[in-house]
Participant: 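Okay, handing you the structure first.
Note that ligands are numbered from 1 as they come in the structure, with each ligand's atoms numbered from 1 the same way.
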Amino acid sequence: MNPEYAGARAREYDHGMDVLFQTFGVDEAALREEMVALLRLPQGARILETGCGTGRDTVHLATRAGVVYATDLSPDMIQVGRARLAEAGATAASVRHLVADATALPFSDGSFDAAYHFGGLNLFPDVRRGLAEMARVVKVGGRVVCGDEGVAPWLTESEFGKILVNSNPFYRHQAPLHLLPVAARDVACRWILGGAFYLLDFTVGQGEPPLDLDVEFPGARGGSHRTRYYGRLDGVSPDLRQQVMTRAAADGLSLTAWLEKALAEKLAGR
Ligand SMILES: C[S@@+](CC[C@H](N)C(=O)[O-])C[C@H]1O[C@@H](n2cnc3c(N)ncnc32)[C@H](O)[C@@H]1O
């Protein structure tokens, strides 16, 4: 692409962002500070920003971090972002810019304290992958904050929602809660800018949440998560099931305990 044209597009994008915040009557700097605060950054934190664009969040991240890796697919957006940081002054020293695809990050697992993204998720070819990549490169216990256009569910049929979708179909997107990685813990979802953008934040855990499979359930059915999920047998007639329930109750056992005993005795030939 012609560099002058690409630069003009990046500047046009920047102007569009000024207009967006003006439309919602929201103080952009204050909101971006609030979003960055959700990262709960430790002293000297190493932060990854994906889809950094023209650096409108990077300047806020830079004041709170040790090092910010500001990444974007577009070198032109990054160039404008660099200029913005240079204007911001001393904080620029802690920012490293990099052209990188948010859905295939060139960083090793757990190499950041936090990851941040705002405004580009709806453009990702694979949103699940983009979210998974942020969680992968953040260490366990670290934080991820991300958001994009997506009118709040209770506003989609309102005039507010319809007007926004009419101007920009991206407002039709929904918060991608179902695409979060299983390692996401303490997930919070809120809507900002009048309810036109979703904002997700979570802490990175390890794999699926812990679950004790062997705690015995009280009551007539009994058993545990393990016996119920992994120990399922083929069904019997409802009538026989009822007879077994009645017999188990009479013997003072849960259904699971009675069945296990009866089947074990049968297998032992008793
Ligand atoms: C709407 S801008 C948001 C920029 C900035 N975060 C902000 O809030 O002003 C979206 C940015 O995401 C970038 N982007 C889109 N798809 C991407 C991808 N797969 N990987 C990295 N960046 C991407 C675009 O180049 C663009 O700069």
Participant: Could you tell me if Arg221 sits above the aromatic ring of Phe217, with its cationic atom closer than 6.0 Å to the ring centre and no more than 45 degrees from the axis?
Facilitator: no
Participant: By the ring-ring contact (aromatic ring centres under 6.0 Å, His included) test, which pairs, at least two apart or in different chains, include something from residues 8-58?
Facilitator: none
Participant: I would like to know whether Tyr116 and His60 meet ring pair (Phe, Tyr, Trp, His ring centres under 6.0 Å); could you show each step before the answer?
Facilitator: CA-CA 11 Å; Tyr116 182 91; His60 295 276; 9.4 Å; no
Participant: For ligand 1, list the protein residues that place a heavy atom within a distance below 4.0 Å of one of its atoms, sorted by chain and number.
Facilitator: Tyr13, Met17, Arg32, Gly51, Cys52, Gly53, Arg56, Asp57, Asp72, Leu73, Ser74, Met77, Ala100, Asp101, Ala102, Phe118, Gly119, Gly120, Leu123, Phe124
Participant: Between Glu133 and Arg128, does at least one N-O distance fall below 4.0 Å, as a salt bridge requires?
Facilitator: no
Participant: Identify whether the distance between the nearest side-chain nitrogen and carboxylate oxygen of Lys139 and Asp109 falls below 4.0 Å.
Facilitator: no
Participant: Among side-chain atoms of Thr203 and Arg143, is any donor-acceptor pair under 3.5 angstrom?
Facilitator: yes
